Protein chains: 2
Amino acid sequence: MSEGGRGGVTIVDVARAAQVSTATASRALGGYGRISAATRERILAVADDLGYRPNDLARAVRVGRSSTIGLVVTDLANPFFAQATRAVVDTASALGHEVLIANTGEDAAAERRAVRVFVEKRVCGLVVVPAAGADHDHLFRPDGRPHLPLVLLDRRLPGRSAATVISDDLGAAREAVGLLAGRGHTAIGMIDGNSTVPGVARDAPAGLVSAAADRVEGFLAGLRDAGLEARRDWMLYATAAEPGAAEEAALTLLGSPDRPTAVVANNSDVALAVVMACNRLGLAIGRDVSLIGFDDASWTRAFTPAISVVARPVAGLGEAAVRELAAQIGGRPAASEPIVLPNRLVDRPSAAPRR
Amino acid sequence: MSEGGRGGVTIVDVARAAQVSTATASRALGGYGRISAATRERILAVADDLGYRPNDLARAVRVGRSSTIGLVVTDLANPFFAQATRAVVDTASALGHEVLIANTGEDAAAERRAVRVFVEKRVCGLVVVPAAGADHDHLFRPDGRPHLPLVLLDRRLPGRSAATVISDDLGAAREAVGLLAGRGHTAIGMIDGNSTVPGVARDAPAGLVSAAADRVEGFLAGLRDAGLEARRDWMLYATAAEPGAAEEAALTLLGSPDRPTAVVANNSDVALAVVMACNRLGLAIGRDVSLIGFDDASWTRAFTPAISVVARPVAGLGEAAVRELAAQIGGRPAASEPIVLPNRLVDRPSAAPRR
DNA sequence: TTGTAGGCGTTATCAC
DNA sequence: GTGATAACGCCTACAA
């Protein structure tokens, strides 16, 4: 067995070597239709001997569909998306799908290009993290329905009707503020780190992705719950594009004499920036500044004090997205309401009582 | 324009609508051969109007090759591989290739399965992070040459001849030890976190991947350079599979009264574990214990003191792997010697003089 | 149970 | 410059 020809061995070669027709060979190899056990064994043996490898491209052309899904992500190197990607790949694999992957870097043109290529490769469905602030016409037909089975991951597209899988970031931010307020904090700030406008902004920039906008809204709702006023100078928006922007925002927020005693950091980069800013300013987290971040990065448990976080169901999001997509591919209509997974507030010493 | 039929519109439809033959339509759409500008424009307009999308599967079958490469990784959620994956995807995209991705979780069967599927999908090449301690016959023909263009990423496969892209981890570990020795440390320990045997081992387990083995060897070479003896009880091997193993190793190493004054952590999880163990044991990093880790994780700069690290050229590795693969696909013979990229030792306060 | 033959959507080789 | 026509490798009526 396994002489392993140069890859050019087709089902015709197998059929000829086994002295049967290509139809019979195809039946044996594909494991369908009526065929005698004897000939099937013989054909399989011959195929193995020749090193035959089915050509899935040809099969896909013939049957009109592939088993490949496309995954379009904004930043594969971001730990959140990396973990989600892993879940997507693992789940897809378990469901018998392969995954074509593309990275857009929040660039609309790159996303458009990726989707076009995937469509030409006849993927049977798409999981997309839509790029911030871009138009997404390329995903939809004129009648507003997606060109093909589609699931949006982590970001809603307002005004569009597409299956969407997100976590309850509004509720989590609200809960985080509630926790801080319950410990006596009345001066609570927020730093967003998902903006696409350069540098640090003091007003919510247009084009914030829904996950970020939800956190801002949840923050405001939490303040309202606690009967606190929102202060414009305690809400900062740092771009995700410049590594230094989050730290600049943290220094601005905490460097002022009139600083908040607690901060909600809307992603883990910002949480890290707050830690660094406190180091720089000589402020002690948990004493001078309480902190709750988003995303349960591994380092948050290693700090003294450990950092409280909103643990997002990152693997669950990826898995749910693929399951929803597989269902659509199977013919089920797309989920009309967003699939919302719960977050988990992990209470650690960085969220301390006000002193 | 863009009525966007249901996806069933083929080149035949375009040809018919433009009143030309499929050959002419193909020439116009494919941008090759001799064709008058007028008919080309007309055909392109008609194609756009019909919402024609070329079927890349059919083209691939016809021309006998696809533009897709396969990427097989052991753990997509690991920040190192996530960043490498991003570099692979970005570079491939720039070079006109798409990327099919698979995650093996260090499981040989999963790797075998992934490679088989990718071959059946007729990828034009493979970038593989080979699973630890597995046999990799499925990548090679009986004569020892790869079945198709192949590049190994981050891990050599001893005894096999395949293009390989790695970083100089031996040199980096050696240099790290040299730095510590130069600051007066004579008691230097090491914790590896890439083992596949459960728990914590006190002797180098079999089947350590080359990147890990290189670091161990570099560590020993560094000791020799400094005229220091290697102590068996100061070299621990924690499995990557159990999150707690690295911390257990760190507690074992540093909890003893006869503990080293400096530690080299062979990946960033281990570095974090050392930090946590020091917290737990009441040891101060940079004073009681000096530390140098592998991989420049973002949190290493946020600690006080900041953690010294070996910054690996992670994006460079991914890019180099794809460039080498593309060259092979273009017909160039595979690089016969490993492509070794330099590491960079980032000296921060955690690597302090001995007190 | 097996074989024949046609076609999936492309591209490429011929003629004209 | 353009048009028949034959592949590419596979599946699947339909016929035997």
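Because the structure is predicted, anything quoted here is derived from the model rather than measured. Atom set for the values below is all heavy atoms of this structure, side chains included, hydrogens, waters and symmetry mates excluded. So you know, we letter chains A, B, ... as the sequences are listed, proteins then strands, and number each from 1.
- Among the protein residues, B:Arg34 comes within range of the nucleic acid bases, having at least one heavy atom under 4.0 Å from a base atom.
- Across D:dG3, C:dT10, C:dT4, the shortest atom-to-atom separation from the side chain of A:Ala23 is found for C:dT4.
- As judged by a 4.0 angstrom heavy-atom cut-off over every strand, A:Ser36 is placed among residues touching the sugar-phosphate backbone only.
- Counting only heavy atoms from C-beta outward, the side chains of A:Ile69 and A:Cys124 approach each other to under 4.5 Å.
- Looking at heavy-atom distances under 4.0 Å, A:Val61 makes contact with a base.
- The base of C:dG9 has none of its N or O atoms less than 3.5 Å from a complementary donor or acceptor on the side chain of A:Arg122.
- Remark: A:Thr39 is in phosphate contact with C:dT2, judged by side-chain N or O atoms under 4.0 Å from OP1 or OP2.
- Ranking C:dT2, D:dT12, D:dC10 by closeness to the A:Tyr32 side chain, first place goes to D:dT12.
- Side chain of B:Arg59, nearest nucleotide from C:dT13, C:dA12, C:dT10: C:dT10.
- Base contact: B:Thr22 has a heavy atom under 4.0 Å from a base atom.
- The base of C:dG9 does not come close enough to the side chain of B:Arg53 for any donor and acceptor atom to sit less than 3.5 Å apart.
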Next item on the list: Under the side-chain contact (heavy atoms from CB on, under 4.5 Å) rule, what do B:Arg155 and B:Thr74 come out as? Steps first, then yes or no, please.
Entry: CA-CA 11 Å; B:Arg155 298 176 180 181; B:Thr74 52; 3.6 Å; yes
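- The phosphate of D:dG3 has OP1 or OP2 within less than 4.0 Å of a side-chain N or O from B:Thr24.
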